[in-house]
Amino acid sequence: MVRVRFAPSPTGYLHVGGLRTALYNYLFAKHHGGVCILRIEDTDRTRFVEGAAEALIEILRWAGIEFDESPEKGGAYGPYVQSERFDLYRHYAAELVQRGAAYYAFDTPEELEAMRKRMQDAGIAWRYDRTSMRNQYTLGEAETHRLLESNAPRTIRMKVPLSGTIRFDDLVRGTIEVPARDVDDQILLKSDNFPTYHLANIVDDHLMRITHVIRGEEWLPSTPKHVLLYDAMGWERPAFAHLPLLLNPDKTKLSKRQGDVAVEDYRQKGYFREALINFVALLGWNPSSNREIFSMQELIEHFDLTKVNKAGAVFDIQKLEWMNSEYLRAKPLDELARELLPTLQEQGINPSLEYLARVIGLVRERIHKLCDVPSFAAYMFSAPAEYEPAYKAQYWRPDYAAPMQALTERLAELTPWSASILQETVKAFTKESGLKIGILMNLLRLTITGRSVGAGMPETMELLGKDECIRRITTALQQFSLES
RNA sequence: GGUCCCAUCGACUAAUGGUUAGGUCACAACCCUUUCAAGGUUGCAGUACGGGUUCGAAUCCCGUUGGGAUCACCA
C-alpha cells in the first residue's frame, strides 16, 4: 500500500512549488490506489503563524487536492500535527542516544559561534567538532550525568560517522553518494526540548508508515542525515523522490522577489484551479504525449514518478495564461456565469445569469481570465460614458451623421432583432449609403460600445437589445453633433 | 568555499544507441475579417564545449564550462 505525505510548515502562504509537491504526492498516491496524508510540521514555534495551517488546508482544497488523513480528518496514525507529538520525538531521541547514534551536547550558542569563526578563519568547512566541543564524549560520563541531572541546557546531536560513504537511492536521480565526513552532527533535539525537522520527519514518516518521500530538491543535501537515522533505528528507509525546483526566469529558485509565488495570488488573479493544477503538473513531468490539457483524473491516470525530470523548470506565466484561456473557452457558460456573478454584484452590477452567460460567450475568446469580463465588456452592462478619442478620430466624420441617422431608423424597424438580420441589414445599407461595411460596423461599435475592441457587432447588438442599441446610437450622434 | 544536483529551441518538454531532433507557449509572416481576438498555414529557433566507447551518440563514460540547491538549537 502506497502511503505518501505532504508536510508543509505553517509559516505563511502556500508556495506554488509547494502546490506542485502536494500535487505530485496526491497524483502518485491516487495513481497507485494509495493514501495521501497531510502533516503539519510546526516544530519551530518561533516561526509559527496564526491561522497559517488552516489557510494551507483551505487553499489545497480549493486546488482540488484532498487528503485521506489530515489534522481535520484524523486517521489511524495521528495526530497529524507535530506539535502534538513532542513526547514521541523525545522518546526516540533518547533511544538514539542509547543506541550510540546520538549524544548530548552542552555548547551555548556563543560557543558554537566561536567555533564557527575559528573554522572559518582556518579556512575549513565548518561542521560541529565532536572532539573539542562540550559534549558527552569530551566531558566524560560523570560530568555528563551531573549536567543532565542539574537540568543544564543541552541538545541531542546525531553521531555521524567520520569516514565512509553514505549511499541512498532516489527515484528521480538514481543512486547518490555522499562522504560521511562532509555531513554535520545535526542537532536532533533542541535545548527547548523540541525536535528539529530531521528528527521529527523520520520519526513521523516511520510511524505513519510512509512508503515514498516525495519532496523538493532542496531536501536532497539533508537526506544523508535522514537515511543514517533510519538505519540507526533499524527502520526500513522509505523510497525517496526529490523533485526539481521551480525557477524564476533567471533560473534561481522561484521567489517572491520576482513575481507571485503564493497559490492564493493566482486564485485572486482569477486563474482557474484546473489551469493552475494542469500547468504546475507539467512543470517537471510530462506523460510523453503531445497533449497539453489534462484533467485531474487524467493526470492521475498518467502520472509516473520515474518520468519526473531532473532539471529545474522555469515558471512561465505566459503559458499559464494560455492554459487558463483554454479552460475559459472549454467550460460551460452557465458555470462561468455563476462563478463570475458574485464579483459583478460586488461592483453593483446585477445581470441575470442567462444574460451574463451570453456576455461571457461573446467575449471569452478575447480574454485570458474570467475576471477580465467586467472590464473588457463593461459596455455590456452600462452605456459608454465616453468614446475612445483615438478610435473616434479614426472613424467619425460629421458627414456620417446623416447616413447613421438613416441606418438607425432602419434598425428601429427591424424584427426580429437578430445577429444575422442585423448583419444583412447593415450590408444592404452599404449600397444606398455608399459606405463600406467596415466603416458602418465601426461606427456602430463606436456609438454603441465607445470602444475600439470587443466582440462582433451584430452579436453584441443582438444581446444588448434593440431599444438599448437605438438609444446608445442616438445619444452618441447627438453628442458628436454638439461637439462639431 | 565544501558537499550534492543539473544541462535539448527564449520558456515547458518529447525522443531511454539508428528520427529531416517532434509538440506546446512566446515571437514573426500570411490567410480569414467590421475592431480585437480566435482559427488556419508557414516560419524563426535547440542537443553548452571537448574527448572517448560504438558501424552509429541528444542518448553511455570521462573531463571542462555553466547554472542551481544546500551548509542553523528553520523547515
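This is a predicted model, so every value here is computed, not measured. All values below were derived from every heavy atom in this structure, side-chain atoms included, with hydrogens, water molecules and symmetry-related copies excluded. Each chain gets a letter, A, B and so on, in the order the sequences are listed, and its residues count up from 1.
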* Asked: Got more than 12 heavy atoms from elsewhere within 6.0 Å of CZ, A:R181?
  -> no
Separation between the [atom1] atoms of [N] and [M], rounded to whole Å:
{"N": "B:U47", "M": "B:C60", "atom1": "C1'", "answer": "15 Å"}
{"N": "B:A14", "M": "B:U3", "atom1": "C1'", "answer": "33 Å"}
{"N": "B:G17", "M": "B:C74", "atom1": "P", "answer": "47 Å"}
{"N": "B:C9", "M": "B:G50", "atom1": "P", "answer": "16 Å"}
{"N": "B:U65", "M": "B:C49", "atom1": "P", "answer": "16 Å"}
{"N": "B:G18", "M": "B:A58", "atom1": "C1'", "answer": "13 Å"}
{"N": "B:C44", "M": "B:A28", "atom1": "P", "answer": "16 Å"}
{"N": "B:A57", "M": "B:C30", "atom1": "C1'", "answer": "39 Å"}

* Would you say A:D184's side chain and A:Y128's backbone share a donor-acceptor pair under 3.5 angstrom? -> yes
Counting any heavy atom closer than 4.0 Å, what does [X] reach on the DNA or RNA strands: base, sugar-phosphate only, or nothing?
{"X": "A:R157", "value": "sugar-phosphate"}
{"X": "A:T252", "value": "sugar-phosphate"}
{"X": "A:R116", "value": "sugar-phosphate"}
{"X": "A:P195", "value": "sugar-phosphate"}
{"X": "A:T449", "value": "nothing"}
{"X": "A:D107", "value": "base"}
{"X": "A:E292", "value": "base"}

For the aromatic rings, using the six-membered ring if either is Trp, is the centroid distance between [X] and [Y] under 6.0 Å?
{"X": "A:Y391", "Y": "A:Y387", "value": "no"}
{"X": "A:F272", "Y": "A:Y327", "value": "no"}
{"X": "A:F315", "Y": "A:F279", "value": "yes"}
{"X": "A:H212", "Y": "A:F28", "value": "yes"}

* How many angstroms lie between atom CG of A:D129 and atom CE of A:M115, to the nearest 0.5 angstrom? -> 7.0 Å
Atom-pair distance ([atom1] on [X]; [atom2] on [N]), nearest Å:
{"X": "A:N248", "N": "B:G67", "atom1": "CG", "atom2": "P", "value": "16 Å"}
{"X": "A:D184", "N": "B:U70", "atom1": "CG", "atom2": "C1'", "value": "12 Å"}
{"X": "A:L199", "N": "B:C74", "atom1": "CG", "atom2": "P", "value": "12 Å"}
{"X": "A:E113", "N": "B:C73", "atom1": "CD", "atom2": "C1'", "value": "13 Å"}
{"X": "A:L282", "N": "B:G23", "atom1": "CG", "atom2": "C1'", "value": "12 Å"}
{"X": "A:N324", "N": "B:A37", "atom1": "CG", "atom2": "P", "value": "19 Å"}

* Asked: When the nearest nucleotide of RNA chain B is assigned to A:P109 and to A:K253 on a heavy-atom basis, which residue is associated with the more 5' position?
  -> A:K253
* More 5' along RNA chain B: A:Y391 or A:P8, using each one's nearest nucleotide? -> A:Y391
* Would you check, one step at a time, whether the test side-chain contact (heavy atoms from CB on, under 4.5 Å) holds for A:R215 with A:H242? => CA-CA 5 Å; A:R215 80 236 291 195; A:H242 287 93; 3.1 Å; yes
Aromatic ring pairing [X]/[Y], orientation class (parallel under 30°, perpendicular over 60°, tilted between):
{"X": "A:W285", "Y": "A:F294", "result": "tilted"}
{"X": "A:H198", "Y": "A:W219", "result": "perpendicular"}
{"X": "A:W396", "Y": "A:Y400", "result": "perpendicular"}

* **Nucleotide nearest A:V453 when distance is taken to its side chain, options B:C74, B:U35, B:A26** => B:U35
* side chain to side chain donor-acceptor pair (under 3.5 Å) contacts in which one or both residues fall within residues 156-169 of chain A, not counting sequence neighbours -> A:R167-A:E177, A:D169-A:T175
* For nucleotides 2-7 of chain B, just jot down a letter per nucleotide in 5' to 3' order: B, S or -, based on protein non-hydrogen atoms under 4.0 Å. => SSSSSS
Please write out each protein N/O paired with an N/O of nucleotides 38-41 of chain B under 3.5 Å, distance rounded to 0.1 Å.
residue: B:A38; atom: O3'; partner: A:R329; partner atom: NH1; Å: 3.0
residue: B:A38; atom: O2'; partner: A:E365; partner atom: OE1; Å: 3.4
residue: B:G39; atom: OP1; partner: A:R329; partner atom: NH1; Å: 3.4

* If you draw the axis of the six-membered ring of A:Y24, does the NZ or CZ of A:R20 fall within 45° of it and under 6.0 Å from the ring centre? -> yes
* Interface residues of residues 80-94 of chain A with RNA chain B (non-hydrogen, below 4.0 angstrom) -> none
* Asked: Hey, can you pull the residues of residues 283-290 of chain A with a non-hydrogen atom under 4.0 angstrom from RNA chain B?
  -> A:L283, A:G284, A:N286, A:S288, A:N290
* **Counterpart base for B:A14, defined by Watson-Crick or G-U wobble contacts under 3.5 Å** => none
Might you list the N or O atoms of the protein lying below 3.5 Å from N or O atoms in nucleotides 31-34 of chain B, with each pair's distance?
residue: B:U34; atom: O2'; partner: A:N442; partner atom: ND2; Å: 2.9
residue: B:U34; atom: O2; partner: A:R445; partner atom: NH2; Å: 3.2

* Asked: On a plain distance test, is the side chain of A:T155 in donor-acceptor contact with the base of B:C73 below 3.5 Å?
  -> no
* Structure fact -> On a heavy-atom basis, the closest approach of A:A455 and A:L362 is CB-O, 3.4 Å
